[in-house]
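Just below is one structure, and these are the notes that go with it.
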Amino acid sequence: MILITGGAGYIGAHVALEWLGQGEEVLILDNLCNSQRAAIERISTLAGKRPEFIQGDVRNRRLLDTLLHDYPIDAVVHCAGLKAVGESVREPLRYFDTNVGGSLTLCQAMAQAGVFHLVFSSSATVYGDCATLPINEACATGQPTNPYGMSKLMSENIMKSVASSDPRWSIGLLRYFNPIGAHPSGLLGEAPTSTPNNLLPYLLEVASGQRPHLSVFGNDYPTLDGTGVRDYLHVVDLALGHVCALDTLRGRRGVSIWNLGTGRGYSVLEVVSAFEQVTGIKIPLSIEARRPGDIARCWANPQKAIEELGWQASRSLQSMLADAWRWQSNQLGQVDVRQAN
Ligand code: NAD
Ligand code: UFG
């Protein structure tokens with residue numbers, strides 16, 4: 001059985017669904033601070049099988065000890081955490097407590113229970129502003145400019161130290177680039193509870209008329225059209241990367257690091273234009289100043305994951321955008337129904 005912390009969230013839910021589809025038993029631990037119980041229902045509907053679900057906190061050592069004792073868990077995927085960069089600047093202690101404290105408590109409980117396979121949701125943010133592109137895993141980690149990024153780097157370092165201290169550990173640090181999109185069914189996707197910070201969730205709210213325009217943060221970067229370039233990857237591809245990573249970890253020891261990205265970057269204006277083509281909806285834009293802390297360009301060299309995991313992102317930008325829009329439209333449909341009642 002695989003324990004997925006944060007498995008009711010955007011990425012964890014897609015990971016859970018992939019494993020359930022492959023006949024694995026899944027236990028989700030989530031405190032629902034940024035997700036809803038409905039996600040568990042959606043996973044069950046799509047998988048035709050219900051994951052075990054415990055509402056609780058990954059920092060609760062006693063709870064972790066009980067779960068690791070009571071369920072036949074042999075591997076953990078640690079997605080639980082807080083992820084809003086701006087919020088992390090305002091509330092650094094909450095971010096360190098949840099993200100670093102959660103990783104620490106989880107590693108302690110796993111060691112005690114003798115469970116040594118761990119997959120961690122890390123981020124390309126640990127590279128900082130990498131001078132060479134594409135970014136491969138040998139690039140030095142940078143100096144993150146915000147507590148969120150620091151918390152990811154600190155968690156990675158804790159896991160590296162833990163793995164060096166005991167040869168039974170097998171830990172995969174997955175450095176995600178920019179996950180977007182939704183399940184193609186339109187039933188599972190990202191559901192921001194407050195004003196979105198990231199490009200795609202914001203764009204979707206503009207497209208559905210909830211916000212007047214999309215702010216483009218800077219058009220004077222040294223890129224093809226002056227706007228920031230990122231490596232967007234489909235959340236279903238990302239979820240499949242976790243399955244391949246754990247398969248690989250079962251046959252090795254120590255710490256392994258893999259970039260999960262497509263290897264191709266798109267600018268903000270390219271994403272907007274592709275969205276307009278896919279949906280036929282015009283997105284009003286407002287060109288604004290650069291967002292503090294943003295880098296100009298960031299995309300992965302995914303070669304290591306291709307060679308070692310046998311994993312490669314295959315879904316196009318168009319399918320990411322079409323799937324995201326299907327999810328967003330379904331969400332709004334549900335809101336309308338509730339309002340009509
Ligand atoms: P999300 O907020 O949708 O999911 C995280 C889940 O963790 C939520 O369901 C939340 O309720 C849960 N959670 C938070 N604190 C918890 C705690 N103390 N105990 C138990 N559950 C807790 O975010 P996501 O986009 O699915 O991200 C998953 C992981 O991937 C996070 O660690 C995030 O930092 C990392 N990541 C995300 C991105 C991205 O762009 N989405 C990029 C790089 C890395
Ligand atoms: N952008 C806009 N307008 C917006 C939002 C974003 O122009 O309203 C631009 C940004 O300036 C950037 C690009 O769109 O050029 C992507 O921005 P996102 O906020 O979607 O993503 P980031 O690359 O800044 O960061 C994301 C996650 C981080 C993670 C990183 C990994 O938020 O947590 O990807 O690469 F670490």
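Just so it is clear, the structure is predicted and the values come from calculations on it, not from any experiment. For ligands, and for the atoms within them, numbers begin at 1 and follow the listed sequence.
- Donor-acceptor pairing under 3.5 Å is lacking for the side chains of Glu87 and Tyr148.
- Of all protein heavy atoms, the one lying nearest to atom 14 (O) of ligand 2 is Val268 CG2, 3.5 Å.
- Both Leu27 and Leu29 are part of a single hydrophobic cluster, where members link through side-chain heavy atoms under 4.5 Å apart.
- Between Tyr176 and ligand 2, no N or O atom pair is found at a separation short of 3.5 Å.
- Counting heavy atoms under 4.0 Å from ligand 1, residue Ala124 does not touch it at all.
- Contact annotation for Asn197 and ligand 2: only backbone heavy atoms (N, CA, C, O) come within less than 4.0 Å of the ligand.
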* To do: Go through the steps to decide whether Asp97 and Arg94 satisfy the test salt bridge (charged side-chain N to carboxylate O under 4.0 Å, His left out), and finish with yes or no.
  => CA-CA 5 Å; Asp97 189 5; Arg94 190 158 75 91; over 6 Å; no
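- Remark: distances from the non-hydrogen atoms of Tyr232 to ligand 2 include one below 4.0 Å.
- Close contacts of ligand 1 with Thr98, meaning ligand atoms under 4.0 Å from a residue heavy atom, involve 15 (N), 18 (N).
- Against a heavy-atom cut-off of under 4.0 Å, Cys33 is close to the following atoms of ligand 1: 10 (C), 11 (O), 13 (N), 14 (C), 15 (N).
- Checked against a 3.5 angstrom limit, the closest N/O atoms of Ala8 and ligand 1 fall outside it.
- For a threshold of 3.5 Å applied to N or O pairs, the pair formed by Thr125 and ligand 2 contains no separation below that value.
- At a heavy-atom cutoff of 4.0 Å, ligand 1 is contacted by the side chain of Arg59 but not by its backbone.
- Looking from atom 3 (N) of ligand 2 to the surrounding protein, the closest heavy atom is Ser215 O, 2.7 Å.
- For ligand 2, none of its N or O atoms has an N or O atom of Val216 under 3.5 Å away.
- Annotation: Lys83 places an N or O atom under 3.5 Å from an N or O atom of ligand 1; distance criterion only.
- Compare Asn34, Ile11, Leu106, Leu238 by their heavy atoms: the one nearest to atom 37 (C) of ligand 1 is in Ile11.
- Put simply, the side chain of Asn136 does not reach to within 4.5 Å of the side chain of Gln303, judged on heavy atoms.
- Geometrically, Arg37 does not engage Phe53 in a cation-pi contact, judged by NZ or CZ lying under 6.0 Å from the ring centre and within 45° of the ring axis.
- When Tyr148, Tyr232, Tyr176 are checked for heavy-atom proximity to atom 33 (C) of ligand 1, Tyr148 turns out nearest.
- For ligand 1, the atoms sitting less than 4.0 Å from at least one non-hydrogen atom of Ser121 are 29 (C), 30 (O), 32 (O), 35 (C), numbered in the order shown with element in parentheses.
- If you check which protein heavy atom lies closest to atom 1 (N) of ligand 2, you get Phe217 CD1, 3.7 Å.
- For atom 28 (C) of ligand 1, the nearest non-hydrogen atom from the set Ala80, Cys79, Gly9, Gly81 belongs to Cys79.
- With hydrogens left out, the protein atom closest to atom 24 (O) of ligand 2 is Arg291 NH2, 3.0 Å, a heavy atom.
- Under 4.0 Å is where a charged nitrogen must lie from a carboxylate oxygen, and between Glu24 and Lys49 no such pair does.
- Atoms of ligand 1 lying under 4.0 Å from any heavy atom of Gly56, numbered from 1 in the order shown and given with element: 19 (N), 20 (C).
- Taking a 4.0 Å cut-off on heavy atoms, Tyr148 registers as neighbouring ligand 2.
- For Asp294, a nitrogen or oxygen atom sits less than 3.5 Å from a nitrogen or oxygen atom of ligand 2, counting backbone and side chain alike.
- Looking only at heavy atoms of the protein, atom 29 (C) of ligand 2 is closest to Ser123 OG, 3.3 Å.
- Counting only non-hydrogen atoms, the option in Leu32, Asn31, Asn197 that gets closest to atom 17 (C) of ligand 1 is Asn31.
- Near Ser122, the atoms of ligand 1 lying under 4.0 angstrom from a non-hydrogen atom of the residue are 43 (C), 44 (C).
- Atom 32 (O) of ligand 2 has its closest protein heavy atom at Asn198 ND2, 2.7 Å.
- Residues Asp65 and Arg62 are not paired through a salt bridge, judged by the lack of any N-O separation under 4.0 Å between the basic side chain and the carboxylate.
- Comparing heavy-atom distances from atom 32 (O) of ligand 1 across Gln36, Arg175, Lys152, His78 singles out Lys152 as nearest.
- Within the 4.0 Å heavy-atom criterion, both parts of Leu199, backbone and side chain, lie near ligand 2.
- Taking a cut-off of under 4.0 Å to the non-hydrogen atoms of Ser35, the atoms of ligand 1 that pass are 8 (C), 9 (O), 11 (O).
- Nearest protein heavy-atom neighbour of atom 23 (O) of ligand 2: Arg230 NE, 2.6 Å.
- Nearest protein heavy-atom neighbour of atom 21 (O) of ligand 2: Asn178 ND2, 3.2 Å.
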